[in-house]
Amino acid sequence: MLQNEFHNEHYIKKREIFRTYKEKALSLLPDAPSKVLDIGCGTGVNSEKIRKRGHKVTGTDVSETAIKRYNDSGFDGFIHNVNLPFSTNLKGKFDIVWILDVFEHLEAPQKTLKHISDVLVNKGLLILTVPNSSWYIYRVLHLLGKTSTELQHPYHIRFYNV
């Protein structure tokens, strides 16, 4: 099954979960209203939290199903693969780029950072997270013979120790 098909199927059945560690990421948002690009927005669970803090949120995801549900929730979202450059009409448009739990899926994260810098205003804010593959639960399970690919999302192609 291709990654896009996997995500489309996932978002037909359910929404993503707002995990408690994302509260820390939310605390990094400035108080003043900003234009936020939520990369990997899914159906909009994170975007809803960001919007409640007074920010204007635009989302992007690889899943057509997720973007349809995102737009149906009153957001402005579009399908985009972050391995590719953004449209030139987005250059310098966003104050903040929010990209949580996406980089572990990317073939060329350094190129994605360049694409992100293109859409951020000068001195814009990047809020980025990746799963910690050295989390103590994973370490215990590794000792029991499990691999990172068995324990995490099936389309993680990079594993970070943070």
Side-chain angles (χ1 to χ4, degrees), residues 2-109 111-132 135 152-158 160 162:
L2 297 174
Q3 185 169 349
N4 288 3
E5 291 172 0
F6 174 88
H7 285 97
N8 280 333
E9 204 170 289
H10 169 80
Y11 289 124
I12 287 170
K13 297 175 185 171
K14 57 186 172 182
R15 296 186 79 193
E16 57 278 7
I17 299 168
F18 187 84
R19 307 233 184 250
T20 53
Y21 72 88
K22 294 181 181 180
E23 289 292 340
K24 177 62 177 167
L26 281 172
S27 75
L28 300 173
L29 291 170
D31 292 330
S34 301
K35 292 180 184 173
V36 179
L37 178 62
D38 182 356
I39 298 175
C41 66
T43 61
V45 171
N46 292 325
S47 290
E48 288 171 357
K49 301 275 187 181
I50 296 167
R51 181 168 61 185
K52 283 182 182 173
R53 294 192 49 144
H55 302 281
K56 174 157 178 28
V57 187
T58 301
T60 179
D61 203 283
V62 296
S63 168
E64 294 173 19
T65 304
I67 289 298
K68 180 175 179 347
R69 291 183 67 187
Y70 187 82
N71 289 336
D72 288 348
S73 297
F75 289 104
D76 180 24
F78 59 96
I79 298 166
H80 183 260
N81 181 334
V82 293
N83 290 307
L84 304 172
F86 288 96
S87 168
T88 55
N89 67 340
L90 296 176
K91 187 173 176 74
K93 185 175 179 180
F94 297 97
D95 304 302
I96 301 167
V97 169
W98 172 281
I99 182 167
L100 276 57
D101 300 340
V102 173
F103 261 59
E104 62 277 8
H105 298 270
L106 303 179
E107 297 164 10
K111 286 184 182 178
T112 299
L113 285 172
K114 169 65 175 107
H115 303 324
I116 288 170
S117 72
D118 289 342
V119 298
L120 274 172
V121 297
N122 188 24
K123 297 188 180 182
L125 176 64
L126 170 63
I127 299 176
L128 181 150
T129 66
V130 294
N132 182 1
W135 182 43
Q152 296 183 33
H153 189 286
Y155 285 99
H156 285 184
I157 59 173
R158 294 185 180 280
Y160 295 92
V162 292

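Below, each value reflects all heavy atoms present in this structure, side chains not excepted, and no hydrogens, waters or symmetry copies.
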> With sequence neighbours left out, what residues match Lys91 under side-chain contact (heavy atoms from CB on, under 4.5 Å)?
Replying inline: Asp118
Quick one: side chains of residues 33-40, donor-acceptor pairs under 3.5 Å with protein atoms, not counting sequence neighbours, listed by atom name and distance.
from  : atom 1 : to    : atom 2 : distance (Å)
Ser34 : OG     : Ala32 : O      : 3.3
Asp38 : OD2    : Ser47 : OG     : 2.7

> How many angstroms lie between atom CD1 of Ile50 and atom NZ of Lys22, to the nearest 0.5 angstrom?
Replying inline: 10.0 Å
> Which atoms form the tightest heavy-atom contact between Gly77 and Asn71, and what is the distance?
Replying inline: N-OD1, 2.6 Å
> Are any of the side-chain heavy atoms of Thr58 and Phe78 separated by less than 4.5 Å?
Replying inline: yes
> Looking only at atom types and distance, does a side-chain atom of His55 sit under 3.5 Å from a main-chain N or O of Pro30, one as donor and one as acceptor?
Replying inline: yes
>> So, taking the atom named CZ in Arg69 and the one named OG in Ser63, what distance separates them when rounded to the nearest 0.5 Å?
In response: 9.5 Å
Which side-chain N or O atoms in residues 123-130 pair as donor and acceptor under 3.5 Å with protein atoms at least two apart or in another chain?
from   : atom 1 : to     : atom 2 : distance (Å)
Thr129 : OG1    : Asp101 : N      : 3.3
Thr129 : OG1    : Asp101 : OD1    : 3.2

> Are any side-chain N or O atoms of Tyr70 and backbone N or O atoms of Gly59, one a donor and one an acceptor, separated by less than 3.5 Å?
Replying inline: yes
>> Over 60° means perpendicular and under 30° means parallel, so tell me whether His115 and Phe86 are parallel, tilted or perpendicular.
In response: perpendicular
> Would you say the side-chain atoms of Arg53 pair up with the backbone N or O of Leu26, donor to acceptor, closer than 3.5 Å?
Replying inline: yes
> In Å and rounded to the nearest 0.5 Å, what is the NZ to CD distance from Lys49 to Glu23?
Replying inline: 5.5 Å
> Do you know which two heavy atoms are closest between Ala25 and Leu100, and how far apart they sit?
Replying inline: CB-CD2, 4.0 Å
> What pair of heavy atoms forms the shortest contact from Phe75 to Glu48, and how long is it?
Replying inline: CZ-N, 3.6 Å
> Hey, does Ile79 have a side-chain heavy atom less than 4.5 Å from the side chain of Thr60?
Replying inline: no
>> Could you measure the distance from the CG atom of Leu113 to the CD1 atom of Ile99? Nearest 0.5 Å is fine.
In response: 8.0 Å
> Are any non-hydrogen side-chain atoms of Val97 and Val119 less than 4.5 angstrom apart?
Replying inline: yes
>> How close do Val121 and Gly92 get, counting heavy atoms only, and between which atoms?
In response: CG1-O, 3.3 Å
> Within the distance-only criterion (no hydrogens, no angle test), does the side chain of His80 pair as donor or acceptor with the backbone N or O of Ser87 below 3.5 angstrom?
Replying inline: no
>> Let's go through Asn83 and Thr112 carefully: what are the C-alpha distance in whole Å and the side-chain angles of both, what is the deciding distance for side-chain contact (heavy atoms from CB on, under 4.5 Å) to 0.1 Å, and is it a yes or a no?
In response: CA-CA 6 Å; Asn83 290 307; Thr112 299; 4.2 Å; yes
